[in-house]
Amino acid sequence: MLALHLKADKGAVPPPCTSHSNSMDVKGLKEYLAWLYYQYLLVTCSYVLEPWEQSIFNTVLFTMVTMVVYTAYVFIPIQTRLALEFFSGLFGGQHESTVAFMS
């Protein structure tokens with residue numbers, strides 16, 4: 001149990017960046033992405049799933065995240081505009097039709 005705990009702690013720190021050049025360090029990026037994937041497996045506990053179960057889990061998770069992002073992209077601007085119109089009307093702002101007549 002202790003060896004398993006120590007093994008999990010060893011992967012808890014991202015690998016240090018050893019390159020000081022301005023060019024992109026491909027090996028360091030690959031190691032960092034592998035570390036992120038390892039963290040994803042640990043957090044979701046999907047490392048205990050079989051490969052076919054992992055693919056179903058990842059597909060469902062990706063679909064849900066995509067739907068949330070799309071919904072936020074579509075509806076947040078509309079709701080923000082409606083809220084701004086509501087609060088500008090509450091605090092004495094001019095109506096759109098009044099602004100159109102003045103210009």
Side-chain angles (χ1 to χ4, degrees):
M1 182 72 168
L2 180 61
L4 183 63
H5 179 67
L6 292 176
K7 184 177 180 184
D9 284 343
K10 186 170 71 170
V13 178
C17 181
T18 57
S19 174
H20 297 293
S21 66
N22 290 337
S23 65
M24 186 177 199
D25 187 12
V26 177
K27 183 179 179 186
L29 178 64
K30 185 177 177 182
E31 289 176 0
Y32 181 69
L33 290 176
W35 176 79
L36 282 178
Y37 181 68
Y38 178 69
Q39 292 299 312
Y40 164 75
L41 290 176
L42 287 177
V43 167
T44 60
C45 295
S46 61
Y47 62 91
V48 298
L49 301 175
E50 293 183 19
W52 68 271
E53 293 172 327
Q54 277 186 349
S55 16
I56 291 174
F57 175 77
N58 290 333
T59 302
V60 169
L61 183 67
F62 177 74
T63 303
M64 290 175 56
V65 168
T66 303
M67 288 171 31
V68 166
V69 168
Y70 175 75
T71 303
Y73 174 76
V74 169
F75 290 110
I76 286 180
I78 296 169
Q79 296 299 323
T80 303
R81 182 183 54 84
L82 291 174
L84 287 175
E85 286 178 11
F86 175 75
F87 287 118
S88 68
L90 272 179
F91 298 121
Q94 291 182 346
H95 231 265
E96 285 185 24
S97 60
T98 311
V99 174
F101 286 129
M102 294 177 73
S103 58

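The residues of the chain are indexed from 1 along the displayed sequence.
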- Item | Gap separating the NZ atom of Lys27 from the CG atom of Leu29, nearest 0.5 angstrom | 13.0 Å
- Query: Rounded to the nearest 0.5 Å, how far apart are CZ of Phe57 and CH2 of Trp52?
  - Reply: 13.5 Å
- Atom CG of Asn58 and atom OG1 of Thr44: how far apart are they, to the nearest 0.5 Å? 7.5 Å
- Query: Nearest 0.5 Å, what's the CG-OG1 distance between Leu61 and Thr66?
  - Reply: 9.0 Å
- For Leu84 and Arg81, what are the C-alpha separation, side-chain angles and deciding distance, and is it a side-chain contact (heavy atoms from CB on, under 4.5 Å)? CA-CA 5 Å; Leu84 287 175; Arg81 182 183 54 84; 5.8 Å; no
- Task: Tell me whether Tyr38 is reachable from Tyr40 by hopping between hydrophobic residues (I, L, V, M, F, W, Y) whose side-chain heavy atoms are closer than 4.5 Å.
- Result: yes
- Message: Would a single hydrophobic cluster contain both Leu49 and Tyr47, if residues Ile, Leu, Val, Met, Phe, Trp and Tyr are joined by side-chain heavy-atom contacts under 4.5 Å?
- Response: yes
N/O donor-acceptor pairs under 3.5 Å from side chains in residues 67-80, not counting sequence neighbours:
| unit_1 | atom_1 | unit_2 | atom_2 | d |
| --- | --- | --- | --- | --- |
| Thr71 | OG1 | Met67 | O | 2.7 |
| Thr80 | OG1 | Ile76 | O | 2.7 |

- Can you get from Leu33 to Trp35 by hopping between Ile, Leu, Val, Met, Phe, Trp and Tyr side chains that sit under 4.5 Å apart? yes
